[in-house]
Amino acid sequence: FMDQVPIENARVSIIAFGYEGGEHYQMDGLVNPELLKYVHLVTPLQETATVKNTKGIKEQIDDITEIFGNVSPLGVATLAAIDHLEKNGSTDGNAAIIVIADGAIATGGSTSSYDVDNVDIAIDRANSHDWKLFTIQMNNGGSFSDSSTESTRMRNMAEKTGVGSFGYVN
């Protein structure tokens, strides 16, 4: 993906989620702010023209995939990405978010239902800015069928923000 980003007119940021440790993302207005300890701003939003070599960003993505956790607050992480775009001057209709996840929501304890709601809130907030949510489902060795809750959630994130079925990859 990074090799395809147009250098002259794009910005990129990386937000990771699913593990505890490191500096977590800060934002207000969440029903369950304790889940932010599993959401991390890895690379702040930056002009790709200032990135001389995308190799560093690709290495950061590779490093993230080596970290595994048992908590995946998909809704909070998507809201954090939207919040980061809002705070950094992204304009309506001129941004997109690529969500790479398995689609599962595992928050530990009783907060899972709140994070399911957060996915719907994230879809609504993205739509309010005319920002698209492209989703790539990491299907954990094929453990999620096309009709599973997890697959449906990832597909809905793309389809409900106007990307259509081409915005979802499993």
Side-chain angles (χ1 to χ4, degrees), residues 1-6 8-18 24-33 35-36 38-48 57 60-61 64-65 71-107 111-140 143-170:
F1 168 77
M2 281 306 302
D3 292 331
Q4 303 302 314
V5 174
E8 65 278 351
N9 65 351
R11 298 186 302 164
V12 66
S13 176
I14 300 170
I15 293 179
F17 67 99
H24 61 271
Y25 190 81
Q26 301 288 323
M27 66 182 280
D28 296 322
L30 287 175
V31 174
N32 46 353
L35 293 177
L36 283 171
Y38 302 104
V39 179
H40 310 277
L41 180 62
V42 177
T43 303
L45 198 61
Q46 59 187 314
E47 298 287 335
T48 54
I57 292 176
Q60 287 178 311
I61 293 169
I64 293 166
T65 61
V71 177
S72 46
L74 175 63
V76 169
T78 307
L79 284 170
I82 293 166
D83 181 73
H84 192 58
L85 289 170
E86 290 170 341
K87 287 178 179 174
N88 288 281
S90 293
T91 58
D92 289 354
N94 197 23
I97 297 168
I98 300 171
V99 179
I100 303 172
D102 61 8
I105 291 181
T107 59
T111 59
S112 290
S113 64
Y114 291 128
D115 205 50
V116 170
D117 292 341
N118 285 333
V119 171
D120 292 332
I121 293 166
I123 290 168
D124 290 344
R125 276 185 61 190
N127 280 331
S128 75
H129 292 291
D130 193 25
W131 294 340
K132 308 304 182 204
L133 299 175
F134 292 85
T135 58
I136 300 171
Q137 185 178 23
M138 305 304 288
N139 199 349
N140 199 20
S143 60
F144 301 125
S145 71
D146 285 344
S147 61
S148 72
T149 300
E150 296 80 6
S151 297
T152 300
R153 180 176 296 122
M154 295 293 282
R155 189 171 34 259
N156 282 343
M157 290 174 75
E159 290 179 354
K160 288 183 177 182
T161 59
V163 179
S165 60
F166 293 109
Y168 163 73
V169 177
N170 179 339

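All values below come from the heavy atoms of this structure, side chains included, with hydrogens, waters and symmetry mates left out. We count residues from 1, following the sequence as given.
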Side chain to side chain contact (heavy atoms under 4.5 Å, CB included) for Val76 and Asp115? Distances and angles first, verdict last. CA-CA 7 Å; Val76 169; Asp115 205 50; 3.2 Å; yes
Compute whether any side-chain donor of one residue and acceptor of the other, for Asn127 and Asp124, lie under 3.5 angstrom apart. no
Kindly say whether Glu86 contributes a backbone atom to a donor-acceptor pair with the side chain of Ser90 at under 3.5 angstrom? no
Gap between atom CD1 of Ile14 and atom NE2 of His40 - 0.5 Å precision: 13.5 Å
Counting C-beta onward and ignoring hydrogens, is there a side-chain heavy-atom pair between Lys132 and Asp130 closer than 4.5 Å? yes
What I'd like to find out is whether the side chain of Leu36 reaches to under 4.5 Å of the side chain of Gln26, using heavy atoms alone. no
Can you name the residues that form a side chain to side chain contact (heavy atoms under 4.5 Å, CB included) with Leu41, not counting sequence neighbours? Ser13, Ile15, Tyr25, Pro44, His84
Non-hydrogen atoms of Ile82 and Ala122 that approach each other most closely: CD1-O, 3.3 Å
Nearest 0.5 Å, please: how far is CD in Glu150 from CE in Met138? 15.0 Å
Check against side chain to side chain contact (heavy atoms under 4.5 Å, CB included), Val12 and Thr43: CA-CA 8 Å; Val12 66; Thr43 303; 5.8 Å; no
Heavy-atom nearest pair, Asn170 first then Gln137, reads ND2-OE1, 3.2 Å
State, to 0.1 Å, how close Ile97 and Ala81 come at their nearest heavy-atom pair, and which atoms those are. CD1-CB, 3.9 Å
Taking side chain as C-beta onward, heavy atoms only, is Phe144 less than 4.5 Å from Asp102? yes
Please tell me if the side chains of Arg155 and Ser165 come closer than 4.5 Å, counting only heavy atoms from C-beta onward. no
Tell me whether Thr135 contacts the main-chain N or O of Ala158 through its side chain, where contact means a donor paired with an acceptor under 3.5 Å. no
Decide yes or no for Leu35 and Leu30: does some side-chain heavy atom of the first lie under 4.5 Å from some side-chain heavy atom of the second? no
Can you tell me how far the CG atom of Asn88 sits from the CD atom of Gln46, to the nearest 0.5 Å? 11.0 Å
Within the structure provided, determine whether Met157 and Leu74 are in side-chain contact (heavy-atom separation under 4.5 Å). yes
Determine whether Asp83 and Arg125 satisfy the following criterion, side chain to side chain contact (heavy atoms under 4.5 Å, CB included), listing intermediate values before the conclusion. CA-CA 9 Å; Asp83 181 73; Arg125 276 185 61 190; 4.2 Å; yes
Over all heavy atoms of both residues, which pair between Val39 and Ala80 is shortest? Give the atoms and the distance, please. CG1-CB, 3.8 Å
Which atom of Ser151 lies closest to which atom of Ser145, heavy atoms considered: OG-O, 2.8 Å
Partner residues of Asn94 under the side chain to side chain contact (heavy atoms under 4.5 Å, CB included) criterion, sequence neighbours left out: Thr91
Residues passing the side chain to side chain contact (heavy atoms under 4.5 Å, CB included) test with Thr149, sequence neighbours excluded, are Arg153
Heavy-atom check, side chain of Leu133 versus side chain of Val163, under 4.5 Å: no
Determine, stepwise, if the pair Leu85 / Leu45 fulfils side chain to side chain contact (heavy atoms under 4.5 Å, CB included). CA-CA 8 Å; Leu85 289 170; Leu45 198 61; 4.1 Å; yes
